[in-house]
Colleague: 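Here it is, the structure, as structure tokens.
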Number of protein chains: 2
Amino acid sequence: MKIEVLKDITSANDAIAAQNRQTLDRNKTLAINLMSSPGAGKTSLILQTIARLKNEFKLAVIEGDVASKVDADKIDAQGIPVVQINVGASCSLEAQMVTPALNKLPLDNTDLLIIENVGNLICPAEFALGEHRKVVIASTPEGDDKPTKYPLMFTEADAVIINKLDLLPHLEFDINSFRKTVEGLNPKVKIFEVSCKTGAGLDAWCSWISTELKKTRG
Amino acid sequence: MKIEVLKDITSANDAIAAQNRQTLDRNKTLAINLMSSPGAGKTSLILQTIARLKNEFKLAVIEGDVASKVDADKIDAQGIPVVQINVGASCSLEAQMVTPALNKLPLDNTDLLIIENVGNLICPAEFALGEHRKVVIASTPEGDDKPTKYPLMFTEADAVIINKLDLLPHLEFDINSFRKTVEGLNPKVKIFEVSCKTGAGLDAWCSWISTELKKTRG
């Protein structure tokens, strides 16, 4: 019974996600769906990405949160177009929430749209938004067993970012074990090791985005 | 439409949670529903609590995860009765998943049952399991803004544990700001500051559990 309900919700969502994708493609905007646990560093990564790419590309951001607009305020302070979505009782952004946000953004003048999903390793993997790439951040203090415990999100990701590298000396996080588990689930995935605090590894991440953008814009 | 479906699911869940509660009360077992983001330290806290309380009280554990049984194996290695529940496509334990687990445990010989929920700051706040106390762990690397972004779980908690105190020197986590936000949402909440790595603060936490257990057992 409940599974049937979930299936209905998912296929209705997928139909709207396909429309969002058409809107993005018509505008030649590449959209990244950025997902992670709460506090893994999604907003920090977006701010660092803005700092490195804003002179080369036109950026925009959608912020998804259960409540508050603290993240949207940080993006707005960088002069980047941003729309906040508060999902209330939902545990993820859904395609129908993203549609009106797309309409509020200057997509015809946007190369890259980063959609920061709600902090959650489960639900966001189940709702397509219309994005072209799925990116998951895993932060070192969460432990290296997260891909084993939450496999769907890591299986579907185009790129996985290991953040908070600067904390490694204080933790028991085995990077090789983490990489092996992720590559076992998802052999084609790109993995980046970064610290949004020190800036380590962020050039490689931004270079990957640039390449993906150039592919999209032909 | 979707909200109606969610309401139906929630009231069916609450009815089963009330039955679970009766089963626990009949056995004079105090049940704690332990919730947090992925990797905040739920299993580490349980292991530290077992080490401190196992000579004084009879303990049992239910482990909730999307996939795997790595946490249950760690509890089992301590000689404590444990049942693993894999929730699959769900984003939380639900009362009907807990009922068969209760039947597998020696509740007539259990003072304290700790139910480790799925790592998620959203869904577990919406599903009562029959527990007597709700406890939320927030770990310092997640940042001090989590109660603002995920208010429901912090509003409903009987106790909030700030874990990973040992990492504070390497982070920008404002404990006073965190405490003020939580107390603003939930003036009666107990807040404990702990490190499951160094053991700091765990005696105060275990002393609170002992007091709650003695209240239950009259």
Side-chain angles (χ1 to χ4, degrees), chain A residues 1-3 5-10 12-13 36-41 43-44 65-71 86-92 94 96 118-126 138-153 163-164 166-167 169-173 197, chain B residues 1-3 5-10 12-13 36-41 43-44 65-71 86-92 94 96 118-126 138-153 163-164 166-167 169-173 197:
Chain A
M1 178 68 175
K2 194 169 157 211
I3 288 167
V5 171
L6 280 176
K7 268 189 195 160
D8 289 349
I9 292 173
T10 306
N13 181 78
S36 79
S37 296
T43 311
S44 300
D65 279 295
V66 171
S68 91
K69 61 183 193 71
V70 294
D71 290 344
N86 284 144
V87 302
S90 293
C91 54
S92 172
E94 297 168 22
Q96 46 94 9
V118 175
N120 186 326
L121 280 188
I122 306 169
C123 313
E126 292 160 16
S139 66
T140 56
E142 294 171 63
D144 51 40
D145 60 356
K146 292 303 155 291
T148 305
K149 289 185 170 177
Y150 304 88
L152 181 61
M153 190 168 287
N163 188 26
K164 307 194 189 182
D166 54 287
L167 292 176
H170 315 292
L171 302 170
E172 290 160 34
F173 182 96
K197 190 168 177 181
Chain B
M1 176 68 177
K2 196 172 157 207
I3 289 168
V5 171
L6 279 176
K7 269 191 195 157
D8 290 349
I9 292 173
T10 305
N13 180 78
S36 80
S37 297
T43 311
S44 300
D65 280 295
V66 172
S68 91
K69 61 183 192 73
V70 294
D71 290 343
N86 284 145
V87 303
S90 293
C91 54
S92 171
E94 297 167 22
Q96 45 94 8
V118 174
N120 187 325
L121 280 189
I122 306 168
C123 313
E126 292 161 15
S139 66
T140 56
E142 293 170 63
D144 51 40
D145 60 356
K146 291 303 156 292
T148 304
K149 289 184 171 178
Y150 304 89
L152 181 61
M153 190 168 286
N163 188 25
K164 308 195 188 179
D166 55 288
L167 292 176
H170 315 293
L171 302 170
E172 290 160 35
F173 182 95
K197 190 168 178 183

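This structure is a prediction, so every number in the text was calculated from the model and none was measured.
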Colleague: Does any backbone or side-chain atom of Lys197(B) lie under 4.5 Å from a heavy atom of chain A? Answer side chain, backbone, both or neither.
Modeller: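 Side chain only.
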
Colleague: Quick one: of Cys91(A), Pro151(A), Cys123(A), who has the most non-hydrogen atom pairs under 4.5 Å with chain B?
Modeller: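 The answer is Cys91(A).
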
Colleague: Name the member of Thr140(A), Asp145(A), Asn120(A) that forms the most heavy-atom pairs with chain B at distances under 4.5 Å.
Modeller: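 Of Thr140(A), Asp145(A), Asn120(A), Asn120(A) has the most heavy-atom pairs under 4.5 Å with chain B.
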
Colleague: If you count heavy-atom pairs under 4.5 Å between each of Ala40(A), Pro38(A), Ala67(A) and chain B, which one has the most?
Modeller: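 Most heavy-atom pairs under 4.5 Å with chain B: Pro38(A).
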
Colleague: Roughly how far, to the nearest 0.5 Å, is the OG atom of Ser37(A) from the CG atom of Leu121(B)?
Modeller: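 Here the rounded value is 9.0 Å.
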
Colleague: Measure distances from Lys164(A) to the heavy atoms of chain B and classify the residue's part below 4.5 Å as side chain, backbone, both or neither.
Modeller: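 Side chain only.
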
Colleague: Give, as side chain, backbone, both or neither, the part of Lys149(A) having an atom under 4.5 angstrom from any heavy atom of chain B.
Modeller: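 Contact with chain B is through both the backbone and side chain of Lys149(A).
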
Colleague: Where does Pro141(A) contact chain B at under 4.5 Å (heavy atoms): side chain, backbone, both or neither?
Modeller: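 Both backbone and side chain.
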
Colleague: Which pair of heavy atoms, one from Gly119(A) and one from Ile122(B), lies closest together, and at what distance?
Modeller: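 Where Gly119(A) meets Ile122(B) most closely, the heavy atoms are O-CD1, 4.1 Å.
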
Colleague: Could you tell me which of Lys69(B), Glu142(B), His170(B), Glu172(B) has the largest number of non-hydrogen atom pairs under 4.5 Å with chain A?
Modeller: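 Maximum pair count with chain A is reached by His170(B).
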
